[in-house]
There are 2 protein chains.
Amino acid sequence: MYRPLMHSPELLKGTLQTILLKVLQDNGKMYGYEITQKVKELSVGRILLTEGALYPALHKLEAEGLLQTETVLIGKRVRKYYTITVTGKSLVKERVIEFREFIKTMSAVLQVQFA
Amino acid sequence: MYRPLMHSPELLKGTLQTILLKVLQDNGKMYGYEITQKVKELSVGRILLTEGALYPALHKLEAEGLLQTETVLIGKRVRKYYTITVTGKSLVKERVIEFREFIKTMSAVLQVQFA
DNA sequence: GTCGATACATAAGAGAATTATGCATGTAAG
DNA sequence: CTTACATGCATAATTCTCTTATGTATCGAC
């Protein structure tokens, strides 16, 4: 399946984990495909997560104990639900703060107000 | 020479070109090392450009016609001054707008106000 | 005379994404 | 009824950008 380019491909690097954790924190139990749709909706079509980035990222977050999974059968289709853990919740807080700091720094370097 | 880690290494990916172009637009003629010091100063020590990233990036921008160079001998030391071109100036405008859009999008996805 | 700062540059390696591919089900249109 | 698109998972090959490491060399201070 074709996946169109995102709005700012390079800028998004490094933000994927933060996005996944935050969306899961805000929306509770979600599965991969559902996350891509939610992010697409929130970003008004500007962030289109690719499977090649999404699934490895989810697996990594799970391996690190930041997410928990639960596999469910819907008819004959497999669905893997993800939930954020306590550890994940504390990390997402840090990540959002870090992102805010990053914007502050960039604002100073680029001499631009981002308000 | 050792180069300490930057504040948010992953987040910075993709912003290097924008930083270089904008700093050169704001400060006129500058050489590599001078740029690292200026960026360090503007970012209050949070962005420490490494040579391995800086020089290839400058060479690439030059090859693309976004920067012009002028080599000068200071005593026995070589210095390569960079100036932003007209093409470069129009690109930096776009890049800053793009970065602003990126923040807006991230703000919507993370449901956080970045003001 | 040695260390740290100044000043350039390239190569090897790592990390995170894109692109491509694979498998499989559900459903709407023609 | 078959074809295309959406749903749903996953991994492999490749690309891109940066870090880390290395190399060369000048200058000033101690």
Side-chain angles (χ1 to χ4, degrees), chain A residues 1-21 29-41 45 47-64 67 69-82 95 102, chain B residues 1-21 29-41 45 47-64 67 69-82 95 102:
Chain A
M1 180 187 191
Y2 295 123
R3 286 252 150 248
L5 283 175
M6 301 181 201
H7 183 54
S8 342
E10 285 133 32
L11 292 175
L12 283 164
K13 298 214 173 191
T15 61
L16 181 56
Q17 278 199 10
T18 308
I19 290 172
L20 297 179
L21 291 170
K29 195 163 66 170
M30 293 180 93
Y31 54 98
Y33 187 78
E34 191 184 6
I35 295 173
T36 66
Q37 298 309 301
K38 188 67 183 176
V39 170
K40 184 179 172 182
E41 176 201 326
I47 300 182
L48 305 170
L49 301 184
T50 59
E51 293 99 326
L54 176 71
Y55 294 113
L58 288 172
H59 300 163
K60 199 187 167 198
L61 291 172
E62 188 190 359
E64 289 169 353
L67 298 180
T69 60
E70 186 189 337
T71 302
V72 178
L73 269 175
I74 306 292
K76 290 178 181 176
R77 302 260 283 272
V78 174
R79 242 187 225 173
K80 209 164 157 186
Y81 279 97
Y82 289 85
R95 287 295 177 86
F102 166 64
Chain B
M1 178 186 191
Y2 296 122
R3 285 256 148 246
L5 283 175
M6 301 183 201
H7 183 55
S8 342
E10 285 132 31
L11 292 175
L12 282 164
K13 296 216 175 192
T15 61
L16 181 56
Q17 278 197 11
T18 309
I19 290 172
L20 296 180
L21 291 171
K29 194 164 67 170
M30 293 180 94
Y31 55 97
Y33 186 78
E34 190 183 4
I35 294 173
T36 66
Q37 298 309 300
K38 188 67 183 174
V39 170
K40 184 179 171 182
E41 177 200 324
I47 301 181
L48 304 171
L49 302 184
T50 59
E51 293 100 324
L54 175 71
Y55 294 113
L58 287 173
H59 299 164
K60 199 186 167 198
L61 291 172
E62 187 190 0
E64 288 169 353
L67 298 180
T69 59
E70 185 190 338
T71 302
V72 178
L73 269 175
I74 305 293
K76 290 176 181 175
R77 302 258 285 272
V78 174
R79 241 187 225 173
K80 210 164 157 187
Y81 280 97
Y82 289 85
R95 286 294 177 85
F102 166 65

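In this text the structure is predicted, and so the values were computed from the model without any measurement. All values below were derived from every heavy atom in this structure, side-chain atoms included, with hydrogens, water molecules and symmetry-related copies excluded. Chain letters run A, B, ... following the sequence lines, proteins first and then strands; every chain starts at 1.
Within the 4.0 Å cut-off from OP1 or OP2 of dA9(C), not a single side-chain nitrogen or oxygen of Tyr55(B) is found. When the side-chain nitrogen and oxygen atoms of Lys76(B) are compared with OP1 and OP2 of dA7(C), none of them lie within a distance under 4.0 Å. An OP1 or OP2 oxygen of dT19(D) is reached within less than 4.0 angstrom by no side-chain nitrogen or oxygen of Lys13(B). Within the structure, a side-chain polar atom (N or O) of His59(A) is placed less than 4.0 Å from OP1 or OP2 of dT11(D). A sub-4.0 Å separation between OP1 or OP2 of dT17(D) and a side-chain N or O of Lys60(B) is present.
Atom P of nucleotide dT18(C) and atom CG of Leu48(A) are separated by 10 Å, given to the nearest angstrom. Nucleotide dC8(C) holds its P atom 9 Å from the CG atom of Leu58(B), rounded to whole Å. As rounded to whole Å, 13 Å separates atom P of dG8(D) from atom CG of Leu54(A). Rounded to whole Å, the distance from CZ on Arg79(B) to P on dT24(D) is 23 Å. One can place CD1 of Ile19(B) at 9 Å from P of dC18(D), the figure rounded to the nearest angstrom. Between the P atom of dA7(C) and the CD atom of Glu70(B) lies a distance of 15 Å, rounded to the nearest Å. As rounded to whole Å, 15 Å separates atom P of dC18(D) from atom CD of Glu51(B). With rounding to whole Å, Leu73(A) atom CG is found 15 Å from dA24(C) atom P.
Proximity note for Arg77(B) (side chain, C-beta onward) versus dC27(D), dT11(D), dA10(D): the nearest is dC27(D). When each of dG8(D), dA9(C), dA7(C) is scored by its nearest atom to the side-chain atoms of Tyr31(A), the top-ranked nucleotide is dG8(D).
Phe102(B) has its side chain within reach of Thr15(A): a pair of non-hydrogen atoms, C-beta onward, lies under 4.5 Å apart. For the pair Ile35(B)/Ile19(B), no side-chain contact is recorded, criterion being any heavy-atom separation below 4.5 Å from C-beta on.
For the pair Leu16(A) and Ala53(A), the tightest heavy-atom approach, listed with the atom from each and the gap, is CD2-O, 3.7 Å. Residues Gly14(B) and Leu11(A) come closest through the heavy atom pair O-CD2, 4.0 Å.
Nucleic acid contact class of Ile74(A) (heavy atoms, under 4.0 Å, all strands): none. Using a 4.0 Å heavy-atom cutoff across all strands shown, Gly52(A) reaches at least one base atom of the nucleic acid.
Heavy-atom contacts from other residues, nucleotides or ligands closer than 6.0 Å to NZ of Lys80(B) number more than 12.
When each of Ala57(A) and Gly75(A) is assigned the nucleotide of DNA chain C bearing its nearest heavy atom, the one mapping closer to the 5' terminus is Ala57(A).
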